[in-house]
Novice: 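Before I ask anything, here is the structure I am working with.
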Amino acid sequence: MATKLTPRELAKKEDRLAPGHRLCAGCGASIIVRQMLAAIDEPVVIANATGCLEVATTIYPYTAWRVPWIHNAFENAASTISGVEAAYRSLVRQGKIPEQDVKFIAFGGDGGTYDIGLQALSGAAERGHQFLYVCYDNGAYMNTGIQRSSATPYGANTTTSPAGKVIPGKRQFRKDLTAIMAAHGIPYVAQAAPSQWKDLMEKTRKAVNSGGPAFMNVLSSCNRGWRHPTDETVEITQLAVDTCFWPLYEVENGVWKLNYKPKEKLPVEEWLKRQGRFRHLFKPENRHMIDELQAEVDRRWERLLHLCGEA
Amino acid sequence: MSKFEALAGNEAVATAMRQINPDVVAAYPITPQTSTVQKFADFVADGLVDTEFVTVESEHSAMSACVGASAAGARVMTATSANGLALMWEIVYIAASNRCPIVMSLVNRALSAPINIHCDHSDVMGIRDSGWIIIFSEDGQEAYDNLIQAVRIAEHPDVLLPVAVCQDGFITSHGMERVEIYDDEDVKAFVGTYEPKWPLLDIEHPKTYGPLDFYDYYYEHKRQQVEAMENAQQVVLDVAAEFKEKFGREYGLFEKYRLDDAEVAVVVLNSTAGTAKVVVDQLRDEGLKVGLLKPRLFRPFPAQELAQALSHLKAVAVMDRSISFGAMGNAGPLYLELAAALATHGVHIPIADYVYGLGGRDILPHEIEQVYRDALQIAATGRVEQMVTYLSVRE
Ligand SMILES: Cc1ncc(C[n+]2csc(CCOP(=O)(O)OP(=O)(O)O)c2C)c(N)n1
Ligand code: SF4
Ligand SMILES: [Mg+2]
């Protein structure tokens, strides 16, 4: 019997990511990892791309991981886990190790996934390895000091898309990676957020039991990069969901399904104004950027509703 | 019972891979390595191996998957050439540093640019400081024998380092030769089974592979890699001794050909050594005291043994199939290492470098003969007039 997804039952489980790691207080990444691993009762083996999660959890000679874990490089978490999974299948088939229902999981940041690791991820998904790839998307290269990635929202101030006198922050809209992964035709793709923990945990279960490659894109607040107080992580994450900047949906065997429709779709501004990285957008001369971002959020939301048969 | 077959070098290598029957192979096609992976794919498709063949989307992912599989506890092999190796480069270092005993067939080809698919050694020389054991092979037989031995060397508990087994692109990889293929069961018994010490897939005993490692420990881990390299040389010899006992062929750190009573010698890697042997015989017929030394083990570099083997000579001519651009005299890497080895071990004989064959340019017997005649001249005068000569190049 799978552990019931109730706080009472889940609290009985030992954290697979131990306390004492050195991620910042309020970091979305550790919340996501702990929630997702608590949703899985089976043994797991993890590959982790270079990035905040990796560096802050394994500073030699310490490790926060109570499960088998490997870090190889920045752009190759997907190919690394495909090697681990291939080894498992080979060794089990030859009777060299016992068969268990092992779940193979890769964690990568948005930089390691949307950008430098996209090819490796696409290849591993196409090959059909049994693994779940989780992108914890904090919208920039946080580990190296908040540089823009292709996941960085339009207008955001980062250290390589600074809000300058002439150019007010990032000039491109973010890449829609979840849709790109859905286009791979793999059994399970989902977008989730730790502020809706039950949805995140249920999706995790579906993903690891989907019988093939699965991909989850999970919004991960970084209070250093987003510029908000450390105790507002969950609230601000939920605002991204309620403004429809980060809709919660899944694509199961090609069928798109919306998992959450805000009762009242909030203006994106409500999310932006809580974060220092968007502060410059509230100057009168940059107001048009908020409008442009709102228009893009609306366009993508409408498209999603259509794909999910909700339009 | 072993049998003789007419095989191209790549087919011999693929046959060795079939007999080794690795748990995982992750590879990506590139000329002139391609026929190895194609042939191996046939073995997989026909159920002749137990291998999971991971048909990755790039060489970077090939080496990445190899590291993952090796850490997981599998016996792992791959194959590549030139640009493929260059694309792997980041993970080539990681494989060695994570002490993954991966075995790679490296079919030597010139690096771009300009793009060129033919043989030289610029690819392997780019990884000479990466922590891989590097072995060279004169022909298909050696490529086959060396690959089988490489598994044992890599996985030896005192070593645990990846091994690259080189052969010359096209010249060896596509040249058909008579190769003695040993009995499947004998090869299987020779390589044995891999007993990983700390497999990631030992779920009950979780391990963390590849942590962040700062100034307080990193250096010690690098020092341990040095120790493994130091251990490797003896292991190479031990494995060779066992191989000789089982299969009859003799291997060492290098091969000496008519060297012991020679006055001058050429030192050259891979297939050109075969051509040079013919030249040695011809010149010997003329009464000239010439010999040859063909390095087999390049990493670790057996400096002392090489210096000793050459110490009686009056001159040494090194032939390099790559250039270390900007290094002393824009010489080749083999020359640079050997000159340092001789000087360090008190062997003060004139030594000159002859760069040849870049991008697959043919090297003909009369050109090698010229190198010998140069060397004899150097021996007579005791002076090297020109440290580096670029053979047969249009200036
Ligand atoms: C090949 C390579 N290029 C660049 C880097 C430097 N680097 C390390 S982590 C990182 C950014 C990670 O960003 P992301 O994947 O979004 O994870 P985060 O740190 O935000 O959690 C970069 C650029 C690297 N380690 N390797
Ligand atoms: S910098 Fe951001 S992503 Fe990195 S540990 Fe801190 S909060 Fe988390
Ligand atoms: Mg990031």
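Heavy-atom basis, side chains included; hydrogens, waters and symmetry copies ignored. Below, read A as the first sequence line, B as the second, and so on, with proteins coming before strands; counting in each chain starts at 1.
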Novice: So, A:Y114 versus A:D176: side-chain donor-acceptor pair below 3.5 Å or not?
Specialist: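 Not at all, the side chains of A:Y114 and A:D176 share no donor-acceptor pair under 3.5 Å.
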
Novice: Determine which pairs satisfy salt bridge (charged side-chain N to carboxylate O under 4.0 Å, His left out) with at least one residue from residues 62-72 of chain B, sequence neighbours left out, and list them in order.
Specialist: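 Matches after skipping sequence neighbours: none remain.
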
Novice: Assess the residue pair A:V67 and A:V45 against the criterion (side chain to side chain contact (heavy atoms under 4.5 Å, CB included)); give the C-alpha distance rounded to whole Å, side-chain angles, the decisive distance to 0.1 Å, and a yes or no.
Specialist: CA-CA 6 Å; A:V67 291; A:V45 178; over 6 Å; no

Novice: Heavy-atom distance under 4.5 Å to chain B: side chain of A:I97, backbone, both or neither?
Specialist: side chain

Novice: Would you call A:P187 and A:P213 a side-chain contact if the rule is heavy atoms closer than 4.5 Å?
Specialist: yes

Novice: Tell me, side chain or backbone of A:P61 under 4.5 Å from chain B's heavy atoms, or both, or neither?
Specialist: both

Novice: Examine the side chains of A:D110 and A:S149 and answer whether a donor and an acceptor come within less than 3.5 Å of each other.
Specialist: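 Short answer, yes.
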
Novice: Using only distance, no hydrogens or angles, which N or O donor-acceptor pairs sit under 3.5 Å between chain A and chain B?
Specialist:
residue: A:T58; atom: O; partner: B:L212; partner atom: N; Å: 2.9
residue: A:Y60; atom: N; partner: B:L212; partner atom: O; Å: 2.8
residue: A:Y60; atom: OH; partner: B:H221; partner atom: NE2; Å: 3.4
residue: A:T63; atom: OG1; partner: B:T208; partner atom: OG1; Å: 2.6
residue: A:W69; atom: N; partner: B:K207; partner atom: O; Å: 3.0
residue: A:W69; atom: O; partner: B:Y209; partner atom: N; Å: 2.8
residue: A:H71; atom: N; partner: B:Y209; partner atom: O; Å: 2.8
residue: A:H71; atom: ND1; partner: B:G210; partner atom: O; Å: 2.8
residue: A:N72; atom: ND2; partner: B:S64; partner atom: O; Å: 3.3
residue: A:N76; atom: ND2; partner: B:S64; partner atom: OG; Å: 2.8
residue: A:S79; atom: OG; partner: B:S61; partner atom: OG; Å: 3.2
residue: A:R89; atom: NH1; partner: B:E52; partner atom: OE1; Å: 3.0
residue: A:R89; atom: NH1; partner: B:E52; partner atom: OE2; Å: 3.4
residue: A:S90; atom: OG; partner: B:D23; partner atom: O; Å: 2.8
residue: A:R93; atom: NH1; partner: B:E52; partner atom: OE2; Å: 2.6
residue: A:R93; atom: NH2; partner: B:D50; partner atom: O; Å: 2.3
residue: A:Q94; atom: NE2; partner: B:D23; partner atom: OD1; Å: 2.9
residue: A:K96; atom: NZ; partner: B:D23; partner atom: OD1; Å: 2.7
residue: A:Q119; atom: NE2; partner: B:S58; partner atom: OG; Å: 3.3
residue: A:R127; atom: NH1; partner: B:E57; partner atom: OE1; Å: 2.9

Novice: At a heavy-atom separation under 4.5 Å, does A:A86 approach chain B through its side chain, its backbone, both, or neither?
Specialist: both

Novice: For A:Q191 and A:T178, which I'm curious about, is there any donor-acceptor pair between the side chains at under 3.5 Å?
Specialist: yes

Novice: What part of B:L201 lies closer than 4.5 angstrom to a heavy atom of chain A: side chain, backbone, both or neither?
Specialist: side chain

Novice: Using heavy-atom distances under 4.5 Å, tell me whether B:L200 contacts chain A through its side chain, its backbone, both, or neither.
Specialist: both

Novice: Which atom names give the shortest non-hydrogen contact between B:M229 and B:L161, and what distance separates them?
Specialist: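 Minimum heavy-atom contact is N-CD1, 3.9 Å.
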
Novice: How many angstroms lie between CD1 in A:I186 and CZ in A:F215, if you round to the nearest 0.5 Å?
Specialist: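 Output value for this atom pair is 8.0 Å.
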
